[in-house]
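Below you'll find the structure, written out as structure tokens, and then a few comments.
As the structure is a prediction and not an experimental result, all values here were calculated from the model. Chain letters run A, B, ... following the sequence lines, proteins first and then strands; every chain starts at 1. Values below: all heavy atoms of this structure, side chains included; hydrogens, waters and symmetry mates excluded.
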There are 2 protein chains.
Amino acid sequence: MSPSSTPRRRGSERTLELLDVTLSLAEEVGYRGLTVEAIARRAGVGKHTIYRRWPTIADLLLDALSHVWSSELDYRSQGAIRADLREQFLRSSYALSHAPLGPIYRAVIAAAQSDESLRAAIHSRFLKTVEESTLERINLAQQQGQLKSDADLAAVVEVLVGSLYYRWLLTDRAIDEGAVDGLIGMFMDAYGESGV
Amino acid sequence: MSPSSTPRRRGSERTLELLDVTLSLAEEVGYRGLTVEAIARRAGVGKHTIYRRWPTIADLLLDALSHVWSSELDYRSQGAIRADLREQFLRSSYALSHAPLGPIYRAVIAAAQSDESLRAAIHSRFLKTVEESTLERINLAQQQGQLKSDADLAAVVEVLVGSLYYRWLLTDRAIDEGAVDGLIGMFMDAYGESGV
DNA sequence: ACGTCAACGGCACATATCGTGCCGTTAGTG
DNA sequence: CACTAACGGCACGATATGTGCCGTTGACGT
């Protein structure tokens, strides 16, 4: 055969290839297609090649999430707190609502409902990061006098993040600009220093 | 045989029996045991008897949820808004965190992540009720002058409910008195009329 | 250039679940 | 007492999981 057909066996390159196949499956068939069999089939790979790398499909999906999500997490931190939150929430919400991140994340969260340690893994690998970066950003705003100084911001962050995830996971309402503006408006009404 | 052994075939009584078996399975083996096969096996019933009543397991679980949840939804509405919210949130959180409601609800929510219409069904059958009854209670408080008159309470309710569900579904933090008091404290700080 | 060996693809297997079909039995109705 | 629908039990095909086996391939050291 000509060298055009893909050569086999490439160690860690195979790993990236499998992550890409996982992402493209999520693009095309969504949550339902994210099985070990389907991924192996599409990748032209034995199931062992997947199980050798990830003990369960959840671990694969967690890595696939990391692979696609890294650029979404950091705040730009350059403008007013209201504008920065708005941009960050809209960007995150867009990612949640579209392939490939949306279907994969949904699949992991669904699986986590029957696996407490997976729930903890999701929280420590993703949600904790979201909470912490948001906390840093509003802590900065508080230091700059844009927020009341007596607010318990750590608790506030959980409420902000929770509100978005609730809407995403459990309602059929979109996380649109109206929803984000409403949430941030509420936050600023409650904690913004008047006049900011 | 003596009449002591259960007679077969009882129409709508069988339906209630199946709901009870579903609840007891959730008690004992949790989320993982909630399969049609397992329920049929424990009930000593052919699978048809289940499929004849509910097109999918999700529909069965929705009915089982209704069966066990009806008494948890209504506010007592007799005290101060802060105390009423506290009691209601703690009661709901306890139900979410314990069998049989917790495992069944988790199973339905997991299934709903791959089924948009199921997500809508959950929202309209349960979450909408929760949101509405909470909204009614804090609307009453607003009319009684316990809350600021310009607050957008409908949006606030989504945030309150979302915060509890987020913690329940996606973190390993318990919804304890501290969490509830923190949430309500934030709500009252933001919207309570000073001195209430 | 050649050997070695782990990674690999392909296949099969045991197990579990889903949803459906069939059949003989049983309970409620007229 | 006969009729009929609901029923329990069983089997089936389809699909997924996780593991085992086998022959092949490619990267690496010598």
Side-chain angles (χ1 to χ4, degrees), chain A residues 1-22 25-26 29-62 103-104 106-108 110-115 117-118, chain B residues 1-22 25-26 29-62 103-104 107-108 110-115 118:
Chain A
M1 268 304 151
S2 71
S4 68
S5 61
T6 316
R8 267 178 48 185
R9 160 68 159 348
R10 276 176 294 168
S12 74
E13 290 179 38
R14 262 264 165 289
T15 302
L16 291 178
E17 206 176 295
L18 288 170
L19 290 178
D20 286 340
V21 168
T22 303
L25 257 188
V29 297
Y31 173 104
R32 295 169 19 209
L34 296 174
T35 66
V36 174
E37 288 241 345
I39 294 167
R41 211 155 43 220
R42 159 161 313 199
V45 146
K47 284 188 288 182
H48 281 304
T49 305
I50 293 179
Y51 283 114
R52 199 175 293 121
R53 290 167 166 76
W54 299 279
T56 72
I57 180 115
D59 296 273
L60 195 176
L61 297 183
L62 284 176
I104 295 179
R106 279 208 135 93
V108 179
Q113 295 313 309
S114 59
D115 182 343
S117 69
L118 179 55
Chain B
M1 269 301 158
S2 72
S4 68
S5 61
T6 316
R8 269 177 46 185
R9 159 71 161 345
R10 276 177 293 169
S12 73
E13 290 179 36
R14 263 263 166 290
T15 301
L16 290 178
E17 206 176 295
L18 289 170
L19 290 178
D20 286 339
V21 168
T22 303
L25 257 189
V29 297
Y31 173 103
R32 294 171 20 211
L34 295 175
T35 66
V36 173
E37 289 239 347
I39 294 167
R41 211 156 42 222
R42 159 157 317 196
V45 146
K47 285 189 287 182
H48 281 305
T49 306
I50 293 179
Y51 283 114
R52 199 174 292 121
R53 290 168 165 76
W54 299 280
T56 71
I57 179 116
D59 296 273
L60 196 177
L61 297 183
L62 285 176
I104 295 179
V108 178
Q113 296 313 308
S114 59
D115 182 344
L118 180 54

Legend entry - Residue met sooner reading DNA chain D from 5', once H48(A) and A38(A) are mapped to nucleotides: A38(A)
Inset, instruction - Please state whether the phosphate of dG8(D), meaning OP1 or OP2, lies under 4.0 angstrom from any side-chain nitrogen or oxygen of T49(B). - result: yes
Legend entry - Phosphate OP1/OP2 of dC7(D): any R52(B) side-chain N/O under 4.0 Å: yes
Legend entry - Separation of atom CD in E37(A) from atom C1' in dG9(C), rounded to whole Å: 14 Å
Inset, instruction - Can you sort out the partners of R53(B) under side-chain hydrogen bond (donor to acceptor under 3.5 Å, both in side chains), two or more places apart, ordered by chain and number? - result: T15(B)
Inset, instruction - Could you point out which residue of V36(B), T22(B), L18(B), V108(B) forms a side-chain contact (heavy atoms from CB on, under 4.5 Å) with L60(B)? - result: T22(B)
Inset, instruction - Look at all strands and tell whether R32(A) reaches a base, only sugar-phosphate, or nothing, counting heavy atoms closer than 4.0 Å. - result: nothing
Legend entry - Length of the CG-P vector between L34(A) and dT17(D), whole Å: 10 Å
Legend entry - Interatomic distance where CZ belongs to R41(B) and C1' belongs to dT15(C) [whole Å]: 12 Å
Inset, instruction - Under the salt bridge (charged side-chain N to carboxylate O under 4.0 Å, His left out) rule, collect the residues that match up with R52(A), sequence neighbours excluded. - result: none
Legend entry - Whole angstrom value for the distance that separates C1' of dA16(C) from CD1 of I57(B): 14 Å
Inset, instruction - For A43(A) and for Y51(B), locate the closest nucleotide of DNA chain C by heavy-atom distance; then report the residue assigned to the nucleotide nearer the 5' terminus. - result: A43(A)
Inset, instruction - Would you mind reporting whether L25(B) and T35(B) have side-chain heavy atoms less than 4.5 Å apart? - result: no
Legend entry - Distance below 4.0 Å between R53(B) side-chain N/O and dC7(D) OP1 or OP2: yes
Legend entry - Atom pair distance, as rounded to whole Å: CD1 in I50(B) and C1' in dG21(C): 17 Å
Legend entry - Atom-pair distance (CZ on R42(A); C1' on dG9(C)), nearest Å: 18 Å
Inset, instruction - Please state whether the phosphate of dG28(C), meaning OP1 or OP2, lies under 4.0 angstrom from any side-chain nitrogen or oxygen of R14(B). - result: no
Inset, instruction - Rounded off to whole Å, could you give me the NZ-to-P distance for the K47(A) and dG10(C) pair? - result: 13 Å
Inset, instruction - Could you tell me the separation between the CG atom of L18(A) and the P atom of dG9(C), rounded to a whole number of Å? - result: 8 Å
Legend entry - Straight-line distance of L118(B) CG to D59(B) CG, nearest 0.5 Å: 7.5 Å
